[in-house]
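All values below were derived from every heavy atom in this structure, side-chain atoms included, with hydrogens, water molecules and symmetry-related copies excluded.
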Amino acid sequence: MTHQERMTLRNSSSVTEFILVGLSEQSELRLPLFILFLGIYVFTVVGNLGFITLIGLNSSLHTPMYFFLFNLSFIDLCYSCVFTPKMLTGFLSENIISYVGCMTQLFFFCFFVNSECYVLVSMAYDRYVAICNPLLYTVTMSPQVCSLLMFGSYVIGLAGAIAHTGSMLRLTFCESNIINHYLCEVLPLLQLSCTSTHVSELVFSTVVGLVITISSMSIFISYALILSSILRIPSAEGRSKVFSTCGSHVIVVALFFGSGAFTYLTTSFPGFLGQGKFASVFYTNVVPMLNPLIYSLRNKDVIFALGKTLKRVLF
C-alpha cells in the first residue's frame with residue numbers, strides 16, 4: 001500500500017497507525033544512514049552503560065557530581081532507546097507505528113528530555129556550591145539533598161510528559177497519517193490533526209517555554225555567580241583549575257540547549273517544520289553519544305577510575 005493510499009484510507013474514522021517518514025525517502029541513502037545511526041546508537045549505549053557501571057563500581061566516584069552524572073547517563077541511555085531502534089527499522093523498511101505506540105514513544109521521549117534539562121540544572125547548582133561555598137559543600141550537597149534534586153527532576157519531567165501526551169490524546173487524527181519525522185514529536189503530530197489544535201499548541205508553548213526559561217536561567221545564574229567567584233581568585237593557576245572543573249558541564253549544556261533551541265526556533269518559522277527533524281538529530285542522537293566522551297576525556301578522576309577498574313578485571 002502506497003503512502004497516498006494510506007493517507008486517503010480513512011476519511012471518517014480515526015487513524016490507528018502512523019507512518020514515520022524518517023530522515024530520507026531516497027532509497028540509495030537508507031543503507032548509509034542505517035550504518036551511520038547504528039554506529040551512533042551502539043556508541044551511545046556502550047558509552048553511557050559503561051559510564052554508569054564505572055561510577056557504580058568505584059567508591060571514589062560516589063560523590064554528588066558523579067551521582068548527577070550517573071543520572072545524566074541513565075537518561076541519555078533511556079531516551080536513545082525510546083526512538084532509535086524504531087528509527088533504524090525505518091531505514092530498512094516502511095516505518096509503521098501504532099497510535100498507542102506513537103503516544104507511548106512521545107510520552108517517554110518528553111519525560112526523559114524534560115528530566116535531562118533539570119538534571120543539568122542540578123549539576124550547575126552542584127558546581128556553584130562546590131566553588132562558591134566549598135566549606136559548606138558536604139552539608140549542602142548531602143545525599144538527601146542530591147536525591148531530592150533528582151526526584152524533583154524526574155517529577156517535573158513526568159509532569160511535562162503528561163501535559164504533552166494528554167494534549168495529543170485529546171486530538172483526532174484522520175485522513176493523513178504520515179509523520180514527517182523519525183519519531184513521534186508534538187509539532188509534526190499537530191500538523192496531522194483534523195480537529196482544533198489551539199489548546200495543544202498553547203500547552204506545548206507553555207511547557208517548552210517554562211522548561212527552557214527556568215532551566216536556562218537557573219544555569220545562567222549559577223554560572224554568573226561562579227564566574228564572579230572565580231574572578232576573585234588571585235592566582236591564574238587557581239582560576240584555571242576552577243575553570244577546568246566546570247568546563248565539561250558548560251560544553252554539555254551548550255550542546256544540549258543550543259541544539260534544542262535551534263531545533264524549535266527553526267520549526268517555529270513557516271515552511272521550516274520539515275527541516276526541524278534534521279536539526280533535532282543533534283540533541284536526540286549526537287549529544288547522548290558525546291556526553292560520556294566529554295566527561296571522561298576531560299576528567300582525571302574518571303580516567304584513573306577506569307584504569308583501576310580495567311586492572312581489577314584483567315589481572
Side-chain angles (χ1 to χ4, degrees), residues 68-69 71-72 75-76 78-79 82 106-129 131-132 145-146 148-168 181 183-190 197-229 246-270 272-273 275-277 279-284 286-288 291:
F68 296 133
L69 283 174
N71 281 273
L72 182 69
I75 289 171
D76 282 341
C78 288
Y79 94 70
V82 165
L106 173 69
F107 174 83
F108 283 105
F109 178 73
C110 291
F111 169 62
F112 288 119
V113 170
N114 287 339
S115 297
E116 177 152 344
C117 290
Y118 290 100
V119 171
L120 292 172
V121 171
S122 300
M123 291 171 71
Y125 177 66
D126 172 70
R127 292 299 82 205
Y128 158 72
V129 176
I131 293 168
C132 298
V145 171
C146 293
L148 192 61
L149 285 170
M150 283 304 93
F151 178 73
S153 298
Y154 289 122
V155 167
I156 296 171
L158 179 64
I162 290 172
H164 283 307
T165 311
S167 70
M168 289 296 105
H181 213 291
L183 60 87
C184 289
E185 260 271 42
V186 175
L187 292 176
L189 281 169
L190 287 174
T197 60
H198 178 70
V199 173
S200 298
E201 288 172 4
L202 184 62
V203 169
F204 174 78
S205 300
T206 302
V207 173
V208 172
L210 284 173
V211 169
I212 291 175
T213 303
I214 293 171
S215 53
S216 59
M217 285 302 296
S218 300
I219 292 170
F220 177 79
I221 291 168
S222 295
Y223 275 100
L225 294 170
I226 288 170
L227 183 61
S228 174
S229 180
C246 303
S248 298
H249 186 246
V250 171
I251 293 169
V252 169
V253 167
L255 288 173
F256 184 77
F257 282 99
S259 58
F262 178 78
T263 300
Y264 286 105
L265 285 173
T266 301
T267 54
S268 65
F269 293 104
F272 282 87
L273 184 61
Q275 305 303 314
K277 63 182 178 181
S280 64
V281 164
F282 201 79
Y283 82 91
T284 58
V286 179
V287 171
N291 282 352

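- Under the rule for a side chain to side chain donor-acceptor pair (under 3.5 Å), the partners of Y154 that lie at least two apart in sequence or sit in another chain are N71.
- For S228 (side chain) and A224 (main-chain N/O), no donor-acceptor pair under 3.5 Å exists by modelled atom type.
- Residues A163 and V203 approach most closely at O-CG1, 3.6 Å, considering heavy atoms.
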Report task. Give the C-alpha distance, both sets of side-chain angles, the deciding distance and a yes or no for side chain to side chain contact (heavy atoms under 4.5 Å, CB included) between V253 and Y223. Result -> CA-CA 11 Å; V253 167; Y223 275 100; 5.6 Å; no

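- Here the CG atom belonging to N291 is positioned 4.5 Å from the CG atom belonging to D76, to the nearest 0.5 angstrom.
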Per-pair distances, 0.1 Å, donor-acceptor, side chain in residues 106-124, under 3.5 Å, sequence neighbours excluded:
from	atom 1	to	atom 2	distance (Å)
N114	ND2	C110	O	3.2
S115	OG	F111	O	2.7
S122	OG	Y118	O	3.0

Ignoring hydrogens and angles, write down the donor-acceptor pairs under 3.5 Å from the side chains of residues 204-213, residues two or more places apart or on other chains.
from	atom 1	to	atom 2	distance (Å)
S205	OG	E201	O	2.9
T206	OG1	L202	O	2.7
T213	OG1	G209	O	2.6

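- You'll find the side chain of C184 stays beyond 4.5 Å of the side chain of M168, heavy atoms only.
- Remark: Y79 pairs with no residue by the side chain to side chain donor-acceptor pair (under 3.5 Å) rule, at least two apart or across chains.
- Partners of V155 under the side-chain contact (heavy atoms from CB on, under 4.5 Å) rule, at least two apart in sequence or in another chain, are F151.
- For H164, the side chain to side chain donor-acceptor pair (under 3.5 Å) criterion is met by no residue, not counting sequence neighbours.
- With sequence neighbours excluded, the residues that form a side chain to side chain donor-acceptor pair (under 3.5 Å) with T284 are Y182.
- Here the CG-CD1 distance, from D126 to I131, works out to 9.0 Å after rounding to the nearest 0.5 Å.
- Separating the CG atom in L148 from the OG atom in S153 is a distance of 9.5 Å, to the nearest 0.5 Å.
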